[in-house]
Amino acid sequence: MSERFPKPGTLEVAPSILSADFANLSSEISQVTEAGARIVHVDVMDGHFVPNLTIGPPVVKWIRRCTEAALDVHLMITDPQAYAPRFIEAGADHITFHIETVNHPETFIERLRSLGVTVGITLNPGTPAESILKYVPLCDMVLVMTVEPGFGGQSFMDDAARKCILIREKFGPSVRVEVDGGINAETAETVVRYGADTLVAGNAIFGQADRARAMNGILDSARRAAAAQ
Ligand code: DX5
Ligand code: ZN
């Protein structure tokens, strides 16, 4: 089992490289990992489950060579069962799949574990939280999508984010709760109050000249919100 993905119980900001400069990916990743990021979020899109195309296993293979951070691979693809093994072989530490794309989640989760990764389950903003509850105890992380998946730089959806409250109430601190979409220093406070502990941020980090400062700004807000609880 990959040991890189942090165990539950810490607050983490996971920079999403979707908004990074892909011609300088190694430097982009170093800027956030040297500033303390332990998770790098990798958005995989197939032009079918979502209307956008991003990266495949060869890119993950090269990213693996330039960082020791945990590679948190978010599969926004119609057939994660066919492609997850290739991402794992390329160096993914953690795989998150969408509940909308898998008919027998238990079997897939077991398969992912046998391939040595930690597992996350996620759902689109319009998918009810109830659809994943049965599988959460089998997973290391729940990813609550706070935008429609497909693009960086969209606005945070508060209604979707509130699913974190239910997940925390039901499962306590045993599972990581990650949020993805529209996270910045302001929305970070809100999602931490709702129970999130893992904050994906793309545009709010890589859209700023000083990536390290932007990331730490989000982390500071998240820590303040956690301390106030
Ligand atoms: C959206 C992706 C996100 C995206 C978030 O489909 O899953 O990870 O990069 O980007 P921001 O933080 O810019 O909303
Ligand atoms: Zn993502």
Side-chain angles (χ1 to χ4, degrees), residues 5 12-22 25 28-29 31-32 37 39-56 59-60 63 69-78 80 83-84 87 92-101 117-127 132 139-161 163-164 176-192 196-209 211 214-219 221-222:
F5 197 75
E12 306 283 341
V13 173
S16 162
I17 59 167
L18 186 61
S19 294
D21 173 354
F22 273 63
L25 211 40
E28 293 280 55
I29 291 171
Q31 288 177 55
V32 290
I39 303 174
V40 171
H41 186 83
V42 180
D43 286 307
V44 175
M45 305 184 188
D46 65 352
H48 192 258
F49 179 65
V50 292
N52 198 4
L53 288 163
T54 56
I55 69 171
V59 178
V60 170
I63 295 174
L71 299 182
D72 167 21
V73 174
H74 176 193
L75 296 179
M76 286 161 276
I77 63 178
T78 298
Y83 291 98
F87 284 96
D93 298 289
H94 175 97
I95 296 281
T96 295
F97 68 93
H98 275 258
I99 188 70
E100 298 87 358
T101 62
V117 288
T118 49
V119 180
I121 191 163
T122 187
L123 71 181
N124 287 341
T127 303
I132 60 163
C139 296
D140 303 278
M141 191 181 87
V142 173
L143 165 55
V144 173
M145 287 306 299
T146 44
V147 295
E148 287 298 339
F151 299 91
Q154 303 182 76
S155 300
F156 175 76
M157 297 167 75
D158 187 74
D159 281 357
K163 290 174 191 167
C164 297
R176 268 197 183 281
V177 178
E178 185 177 63
V179 282
D180 185 4
I183 302 300
N184 53 36
E186 195 188 325
T187 55
E189 291 188 28
T190 307
V191 294
V192 168
D197 56 15
T198 312
L199 280 52
V200 174
N203 197 48
I205 294 176
F206 292 106
Q208 297 295 314
R211 276 77 161 136
M215 188 185 83
N216 282 319
I218 297 170
L219 193 55
S221 294

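Both ligands and their constituent atoms are indexed starting at 1 by order of listing.
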* Structure fact -> Correct closest heavy-atom pair for Pro15 and Met215 would be CG-SD, 3.8 Å
* Structure fact -> By side-chain hydrogen bond (donor to acceptor under 3.5 Å, both in side chains), Gln31 pairs with (sequence neighbours left out) Ser27
* Side chain Thr146, main chain Phe156, donor-acceptor under 3.5 Å -> no
* To do: For side chain to side chain contact (heavy atoms under 4.5 Å, CB included), just list the numbers for Phe206 and Asp21, CA-CA rounded to whole Å, side-chain angles, deciding distance to a tenth of an Å, and then say yes or no.
  => CA-CA 8 Å; Phe206 292 106; Asp21 173 354; over 6 Å; no
* Any idea how many protein N, O or S atoms are nearer than 2.8 Å to the Zn ion (ligand 2)? -> 4
* Could you give me the CA-CA distance, side-chain angles and deciding distance for Met45 and Leu18, then say whether side chain to side chain contact (heavy atoms under 4.5 Å, CB included) is met? => CA-CA 10 Å; Met45 305 184 188; Leu18 186 61; 3.7 Å; yes
* **Ile121 vs Phe97, side chain to side chain contact (heavy atoms under 4.5 Å, CB included): CA-CA, chis, key distance, verdict** => CA-CA 5 Å; Ile121 191 163; Phe97 68 93; 3.9 Å; yes
Could you pull out all donor-acceptor pairs under 3.5 Å where a side-chain atom in residues 177-185 meets a protein atom, sequence neighbours excluded?
{"from": "Asp180", "atom 1": "OD2", "to": "His41", "atom 2": "NE2", "distance (Å)": "3.2"}
{"from": "Asp180", "atom 1": "OD2", "to": "His74", "atom 2": "ND1", "distance (Å)": "3.2"}
{"from": "Asn184", "atom 1": "OD1", "to": "Glu186", "atom 2": "N", "distance (Å)": "2.9"}
{"from": "Asn184", "atom 1": "OD1", "to": "Thr187", "atom 2": "N", "distance (Å)": "2.8"}
{"from": "Asn184", "atom 1": "OD1", "to": "Thr187", "atom 2": "OG1", "distance (Å)": "3.1"}

* Show your working on side chain to side chain contact (heavy atoms under 4.5 Å, CB included) between Ile95 and Tyr83 and close with a plain yes or no. => CA-CA 11 Å; Ile95 296 281; Tyr83 291 98; over 6 Å; no
* **Backbone N/O of Pro125 and side chain of Lys163: donor-acceptor pair under 3.5 Å** => yes
* Structure fact -> Expected contact list for ligand 1 at under 4.0 angstrom, heavy-atom basis, is Ser16, Leu18, His41, Asp43, Met45, His74, Met76, Met145, Pro149, Gly150, Phe151, Gly152, Gly153, Asp180, Gly181, Gly182, Val200, Ala201, Gly202, Asn203
